[in-house]
Structures are given as C-alpha cells and as structure tokens.
Amino acid sequence: MQFEITLDASKGYIKAIGDREFVLEAIDKYRKIVEEGVNISEGGVSTPLPDPLTPAKEGPSGGGGLDDFSNVFDIADDTISILATIPGKTQSAQAKNMALLYLFAKLKLGQEIVANDDIREQCKAHAIYDSTNYAAHMKGQKKLVTVLGSKGSPNFNMKLTVPGKKAAEQLASDLQKDG
C-alpha cells in the first residue's frame, strides 16, 4: 500500500509518496512542521494540515501517479506491467523505449533510481532482450539516461535525465493515445 504526506510551507511544499516506512522517515525529517500542525500559506494565515499519513490516491490501475497512463501501465502487488506494445523498428530501439517507459513509471511512483536488473527483466518479459548487447544499448542513451555504478560492471542503476523525463513522458502519452 502506498502512503502520502504533503506539507506546504508557503507553496514550497514537500510531498513524499511511498511505503509506510519511507513516509514515516519523511515525517521525522520535518517533524517540527508536522507537530505544529500548521500550513503556512501566503499572507501568513495558518490552517491545519490534513492527516499526515493517508493512503495515496489510486485510480483503477492502483498506480497513484500513473492514472493518466492506464493503457500503458498496470500496477499489481507493487509490480509494474507495461501493457502497451513497445515501439521500435529494432530490438535495440525497443529495449531503449522499454527502459524509458519503466524508468518513467518508477519515477511517477516515487523511485528515481532503478536497478538495471529490473529493466532487464522487463525486456525479457517482452522478448526484446539481447544478452550480447543489452548493457551497451542501455549505457549508450547518455542524453536520456544516467547510468550509475562502476564502469564495466554489469550491476548498475539507471535514472532519467531531464531530457529523458520529457522523452519518456511523451512516449507514454503517445502510447496512451494509441491505447
């Protein structure tokens, strides 16, 4: 189950969405604001904060931030499934698009950094995994994806760059429209 806390300190708000432990850690970091139970808005007026630990709003897909992409993603038991046909004329292009979509979904659910193994498993599930060239294809997306980890290591993590976020959102939007 996903939980959510939103604090608004004069519109410079902080939002934490994740499992209960993650949200409780966020509450601890901002305990003073939470304990005072006030929301400082423009003009200095204070209003009570909502219950700080409430389940995140989920749509029919159960995906929190992925509700606008119900034709593309499905969430079940904290597992992301990509429902759309992955575009691309080559296996390499499809694998790169898979990475963009999966990283985008994880980002929308509050996880910016994703293990390479998770993306590899998605590629295998969609029969677009090329064991010989997979790592090179993933690491070759420098403008869209940042690769984190030791050089040459098969155990690396990935995250979207700013242009990658835009490209991934556009790809997901296009697939949603094609639905």
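Bear in mind that the values here come from a model prediction, so they are computed numbers and not experimental data.
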Is Q176 reaching over with its side chain to a backbone N or O of N71, donor-acceptor style, under 3.5 angstrom?
-> yes
Without swapping roles, check the side chain of T161 against the backbone of T146 for a donor-acceptor pair under 3.5 Å.
-> no
Which atom pair, heavy atoms only, marks the closest approach of L160 to A168?
->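 Minimum heavy-atom separation between L160 and A168: CD1-CB, 4.1 Å.
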When rounded to the nearest 0.5 angstrom, what is the spacing between CD1 in I82 and CG in D74?
-> 11.0 Å
Taking only residues at least two apart or on different chains, which pairs with a member in residues 162-173 satisfy side chain to side chain donor-acceptor pair (under 3.5 Å)?
-> Q170-D174
How would you list all residue pairs meeting side chain to side chain donor-acceptor pair (under 3.5 Å) that involve residues 119-134, not counting sequence neighbours?
-> N116-Y134, D117-R120, R120-Y129, D130-N133
Any side-chain heavy-atom pair from T85 and D178 closer than 4.5 angstrom?
->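 They are not in contact (no side-chain heavy atoms under 4.5 Å apart), so the answer is no.
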Would you mind reporting whether M138 and I119 have side-chain heavy atoms less than 4.5 Å apart?
-> yes
Side-chain donor/acceptor pairs under 3.5 Å, residues 91-100, sequence neighbours excluded:
residue : atom : partner : partner atom : Å
S92     : OG   : H137    : ND1          : 3.1
Q94     : NE2  : I86     : O            : 3.4
N97     : ND2  : P87     : O            : 2.8
N97     : ND2  : A93     : O            : 3.4

Hey, could you give me each pair passing ring-ring contact (aromatic ring centres under 6.0 Å, His included) that has a residue in residues 145-168? Not counting sequence neighbours.
->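 Not a single pair qualifies under ring-ring contact (aromatic ring centres under 6.0 Å, His included).
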What pairs of residues pass the ring-ring contact (aromatic ring centres under 6.0 Å, His included) test when at least one of them lies in residues 78-112, not counting sequence neighbours?
->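 The answer is F69-F104.
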Taking only residues two or more places apart in sequence, or in another chain, which ones meet A84 in a side chain to side chain contact (heavy atoms under 4.5 Å, CB included)?
->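 With sequence neighbours excluded, A84 shows a side chain to side chain contact (heavy atoms under 4.5 Å, CB included) to V72, L175, given in chain and number order.
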Only counting residues at least two apart or in another chain, list the ones meeting side chain to side chain contact (heavy atoms under 4.5 Å, CB included) with I113.
-> L148, N157, K159
Residues that, via side-chain heavy atoms closer than 4.5 angstrom, fall in one hydrophobic cluster with V162 | none
For M158 and V114, what are the C-alpha separation, side-chain angles and deciding distance, and is it a side chain to side chain contact (heavy atoms under 4.5 Å, CB included)?
-> CA-CA 5 Å; M158 297 167 55; V114 177; 5.6 Å; no
Residue pairs, two or more places apart or on separate chains, that pass salt bridge (Lys or Arg N to Asp or Glu O under 4.0 Å) and touch residues 85-95 |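 As it turns out, there is no salt bridge (Lys or Arg N to Asp or Glu O under 4.0 Å) pair with a partner in residues 85-95 once direct neighbours are skipped.
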